[in-house]
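Notes for the one structure printed next.
By convention here, the first residue in the shown sequence is residue 1. Note that the coordinates shown come from a computational prediction; the quantities given were computed from them, not determined experimentally.
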Amino acid sequence: YKTEKKDNEIRILNLTKTQQAQTINEQQKRQQLYGVIISFLVLFTVLLFWGIANRRRREQLALNLKVHESELKALRSQMNPHFIFNSVQTIERLLNESRISDSKLCLDRFSNLTRTVLENSNKREISLSEELDTLKIYMELEKLRFRNPFEFSIRIEKGIDPETTMIPPLILQPFVENAIKHGFRDEIRRGMLSIAIAKENDFLCCAVEDNGVGRKNSISIKPVSGFKKESLGLKITEERLNLISETRKQRAYFKIEDLLDKSDNPLGTRVLVFLPFEQSL
């Protein structure tokens with residue numbers, strides 16, 4: 001009886017060891033399977049993130065290329081043959097009228113403007129102060145073309161530092177050019193052009209306002225030479241603002257408002273340009 005009992009205990013013990021071995025073997029296989037799955041998931045995740053990063057890098061390179069092309073278009077639009085022809089024609093007229101000092105002043109401003117535009121064309125951003133200085137030279141040069149010169153003013157809201165506030169170069173010039181070319185075409189009343197810079201939430205709001213004939217009357221007047229080029233300038237500026245919106249992840253845009261009196265007679269035009277507010281360190 002004792003021998004049989006001992007044999008049963010040994011048999012049970014052997015059976016238990018076999019089961020334990022099987023259990024351990026199954027656990028090892030399970031762990032190996034989990035290891036393969038985890039390794040696959042890690043590899044898949046790494047490849048996924050690498051693909052996303054690579055795609056974003058390609059998109060960023062393509063976006064940078066678009067921005068560069070847009071800036072070159074803006075330069076070509078700003079220094080178009082029509083503007084150069086007008087400047088040379090103004091200098092010639094002043095010389096014919098024996099206004100030697102004015103012709104020298106016009107030539108000096110034209111050379112300064114050309115140099116400034118070429119220097120800024122290689123920059124992604126310039127200070128607000130530099131942009132406004134360029135506009136001042138441009139408007140002073142344009143004033144000499146008018147027999148009844150227009151006046152202009154620039155106002156910056158208190159709290160905005162024009163030296164540290166950054167904006168894209170030549171971004172306001174097409175709106176100023178349109179105001180002068182189309183708003184002051186009748187030269188009957190004295191033109192007034194104002195540029196106001198203010199901060200609205202996270203935006204830098206640049207307002208270009210004139211007391212000209214208005215958009216409707218401007219269309220009815222015989223088109224001036226270079227009208228298509230000026231319209232192209234606005235189109236290029238709109239493309240630049242769209243690219244700024246993509247790169248900054250914040251909308252940049254402009255809107256045009258017709259200024260009317262109580263009888264709906266035109267009092268001028270106002271353009272509001274909204275740019276992401278950014279300051280240099």
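Under the side chain to side chain donor-acceptor pair (under 3.5 Å) criterion, Asp261 pairs with Asn265, not counting sequence neighbours. Looking at residues two or more places apart in sequence or on another chain, you find a side chain to side chain donor-acceptor pair (under 3.5 Å) between Asp161 and Thr164. Take Ser194 and apply the side chain to side chain donor-acceptor pair (under 3.5 Å) test, not counting sequence neighbours, and it matches no residue. Applying the salt bridge (charged side-chain N to carboxylate O under 4.0 Å, His left out) test to Glu163 and every residue at least two apart in sequence or in another chain returns nothing. For Ile38, the side chain to side chain contact (heavy atoms under 4.5 Å, CB included) partners are Val42, not counting sequence neighbours. By the side chain to side chain donor-acceptor pair (under 3.5 Å) test, Arg251 is found to be paired with no residue, residues two or more places apart in sequence or in another chain being considered.
Remark: the backbone N or O of Ile167 is not paired with any side-chain donor or acceptor of Glu131 at under 3.5 angstrom. Judged purely by atom type and a 3.5 angstrom limit, Ser111 uses its side chain to pair as donor or acceptor with the backbone of Asp108. Panel note: side chain Thr116, backbone Thr134; no donor-acceptor pair is recorded below 3.5 Å.
For the pair Pro168/Arg240, a side-chain contact is recorded, criterion being any heavy-atom separation below 4.5 Å from C-beta on. Inter-residue side-chain proximity for Lys255 and Val271 is flagged as unmet; no heavy-atom pair is nearer than 4.5 Å. Two residues are said to be in side-chain contact when any heavy atoms from C-beta on lie closer than 4.5 Å; Glu140 and Phe152 meet this criterion. A 4.5 Å side-chain heavy-atom check between Ile197 and Ile160 finds at least one atom pair inside the cut-off.
Taking OG1 of Thr165 as the reference point, atom CD1 of Ile156 lies at 8.5 Å (rounded to 0.5 Å). We find the SG-CG distance between Cys206 and Leu132 to be 8.0 Å, quoted to the nearest 0.5 Å.
Note: the hydrophobic cluster containing Leu141 also contains Phe150 (ILVMFWY, side chain heavy atoms under 4.5 Å, direct or indirect links). Note: the hydrophobic cluster containing Ile195 also contains Leu170 (ILVMFWY, side chain heavy atoms under 4.5 Å, direct or indirect links). At a threshold of 4.5 Å between side-chain heavy atoms, the hydrophobic network of Ile, Leu, Val, Met, Phe, Trp and Tyr places Met192 and Val176 in two separate groups. No single ILVMFWY cluster, assembled from side-chain heavy atoms under 4.5 Å apart, contains both Leu128 and Ile126.
The hydrophobic side chain of Leu260 is isolated, with no ILVMFWY side chain under 4.5 Å apart from it. Leu272 forms part of a hydrophobic cluster together with Phe203, Tyr253, Phe274, judged by ILVMFWY side-chain heavy-atom separations under 4.5 Å. The hydrophobic cluster analysis finds Leu105 isolated: no Ile, Leu, Val, Met, Phe, Trp or Tyr side chain comes under 4.5 Å of it, directly or through other members.
Heavy-atom minimum distance, Met139 versus Ile180: CG-CD1, 4.3 Å. In plain terms, the two heavy atoms of Met166 and Gln279 that are nearest each other are CG-C, 4.3 Å. Scanning all heavy atoms of the two residues, the minimum distance from Pro276 to Ala252 falls at CD-CB, 3.9 Å. Considering all non-hydrogen atoms of both residues, Ile256 and Thr269 come closest at CG2-CG2, 3.6 Å. Summarising the geometry of Leu241 relative to Phe254, their closest heavy-atom pair is CD1-CD2, 3.6 Å, with the distance given to 0.1 Å. Of all heavy-atom pairs between Thr237 and Pro174, the closest is OG1-CG, 3.2 Å.
When each of Lys181, Arg109, Lys136 is paired with Glu142, the salt bridge (charged side-chain N to carboxylate O under 4.0 Å, His left out) condition holds for Lys181 and for no other.
Judged as a salt bridge (charged side-chain N to carboxylate O under 4.0 Å, His left out), not a single pair has a partner in residues 42-52 (not counting sequence neighbours). Annotation: salt bridge (charged side-chain N to carboxylate O under 4.0 Å, His left out) contacts involving residues 196-210, sequence neighbours excluded, comprise Glu209-Arg270. Contacts classified as side-chain hydrogen bond (donor to acceptor under 3.5 Å, both in side chains) and involving residues 150-160 (residues at least two apart or in different chains) are given here: Glu151-Arg190.
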**Study point:** side chain to side chain contact (heavy atoms under 4.5 Å, CB included) evaluation trace for Ile171 with Leu275
**Key:** CA-CA 10 Å; Ile171 200 71; Leu275 299 167; 4.2 Å; yes
Exercise for review: Would you please test Leu243 and Glu246 for side chain to side chain contact (heavy atoms under 4.5 Å, CB included) and show each step?
Suggested key: CA-CA 5 Å; Leu243 289 172; Glu246 289 185 48; 4.3 Å; yes
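Side-chain contact check for Asn112 and Arg115: at least one donor-acceptor pair (N or O, by modelled atom type) lies under 3.5 Å.
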